Novice: 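Dumping the structure here so I can ask a few things about it.
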Amino acid sequence: MSANREQFSSRLGFILAAAGSAVGIGNLVGFPVSAAKNGGGAFLIIYALFVAFICLPVMIAEMALGRKAQKDPYGAYHSLTGGDKKWSFAGALAVLTPFMIAVFYMVITVWIFGYLVQTFIGNLDQLANPDNFGVFINEYTVFGYMAGVVVLVNLILVGGVKEGIEKAAKLMMPALFVLLIGLVAYVLTLDNAMAGVRYYLVPDFSKMDASVLNGALSQAFFSLSLGMGILITYASYISKKEDIVGSSKMVAVTDSLVAFIAGLMVLPAIFSFNPNVNPEELSDSSVSMIFVYLPQLLLTLQADIGYVGASVVAGIFFLLVFFAAITSLVSIIEVPTASLMEAKGYTRKKSLTVLAVTTGILTVLCTMSFGMVEGLTKFTQYGGGVDKSFFDIISDVFYDTILPFNGLLLCLFVTYRWRKANLSEELTQGNEGYKGSFMEKYVNFSLSTFIPVILLLIFVNTVATKYFAISLFGF
Ligand code: PHE
């Protein structure tokens, strides 16, 4: 255990950083839209249950593992098993996954940065043109925005845990909250806003089916940054005095609250833009919502508040999404950074340089796979002859498939290899009442039984549908 491992300066710093990781692009647009499409209040209830009963134990286990080992994910699996090869594989996967998801996330963050800059220089009208996005992502200026994001993320990460990650989270998270509340307050004053609120909150249980449940659980899992090694890494920077269970609850609540509140911004805005909208016809993808639909909607505000006013509101919206994306990106790149420092003995600067180059190359390839380069755009085919771009592969393999698999390995590792007694021991540090509590029983039971089974089902189903176009369970 390295005596001079950096630490967060306070519990609040850690919680804000972990919440910063959790609150991302998915919370702000993806969550509200899928809630509205899939039963409104009914979806919200199911989602909350999934967070509390399935995701929270996994989050607690990740944090316990990281704090116990005081290492990055690879080092954690390695050191707690005395170098057992079988489990090193899980550790390696827990580092490779964030590396690849960082690439996927970087591409989208770069676009957001581009839209933010374009809004600030007065080009909202151009962004609102439905053809703009397709043109924007294929112009070489996108590489300029990419350079901007890489520099910003590296400036934060080079500061280390306290001066970089924690400071950025302490600045951006409260700002994000204020911007969000401000936008909600404004949007709720618009005509027809209440129709959107109603659509969002009134439960419709008839929409629930296996596929909605699967989608809700995957979304909750991704939204809480599980299976990415992030919480293992961040928790390796906290002291034994911290209460992991309490902190996990705070992170889960903050993340879910931001997602919930974002619904009070997005749905009223959609309904005031088009009172006759049928939310079921809205696009499922956060990308087309953020870059195609919402700019059009934001531009229509000019009828009320003028072009400058509409641009200010749009600028606030993109800034909000940008802050959410940057704190997530920082957290995900910290994982391979910590691994390189640990495994290779590199300095932080050297690790970051290696990662900037490697993720940079992959990000450029992804960026060129939306039409710029034919061979990358139609990189391969699977899932019943569907054309897949280089970007699609990274998103399908790592985001859709490997994430639940990492979660599954983690549950099995913690309960059967590291063992429940050790998990309890670790969680009792900083929380005297943990041992013997209902929470302890629930965490130990769920992690060793039904949670891994559910994650296995999701994994098998995803593999069957994504790559072989076979529907196993009818969803
Ligand atoms: N929770 C993040 C989100 O909702 C997921 C994420 C975290 C993605 C970190 C990338 C990096 O967007």
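The chain is numbered in sequence order, starting from 1. Computed from a predicted structure; not experimentally measured. Both counts, for ligands and for their atoms, begin at 1 and track the order of listing.
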Novice: Using only atom types and a distance under 3.5 Å, with no angle test, would you say the side chain of Gln296 pairs donor to acceptor with the backbone of Val292?
Specialist: yes
Novice: Looking only at the side chains, is there a donor atom on one of Glu242 and Ser247 sitting less than 3.5 Å from an acceptor on the other?
Specialist: no
Novice: Hey, does Leu297 have a side-chain heavy atom less than 4.5 Å from the side chain of Leu294?
Specialist: yes
Novice: Flag the pair Tyr105 / Tyr399 as yes when at least one side-chain heavy-atom distance between them is below 4.5 Å, and no otherwise.
Specialist: no
Novice: Any idea which residues sit under 4.0 Å from ligand 1, heavy-atom distances?
Specialist: Ser21, Ala22, Gly24, Ile25, Gly26, Asn27, Tyr105, Phe222, Ser223, Ser225, Met228, Ile230, Ser328, Ser331, Ile332
Novice: Using a 3.5 Å cut-off and no angle test, enumerate the donor-acceptor pairs between side-chain atoms of residues 12-26 and protein atoms at least two apart in sequence or in another chain.
Specialist:
from  : atom 1 : to     : atom 2 : distance (Å)
Ser21 : OG     : Ser225 : OG     : 2.9
Ser21 : OG     : Ser331 : OG     : 2.8

Novice: Could you check whether the rings of Tyr145 and Phe113 sit parallel, tilted or perpendicular, using 30° and 60° as the cut-offs?
Specialist: perpendicular
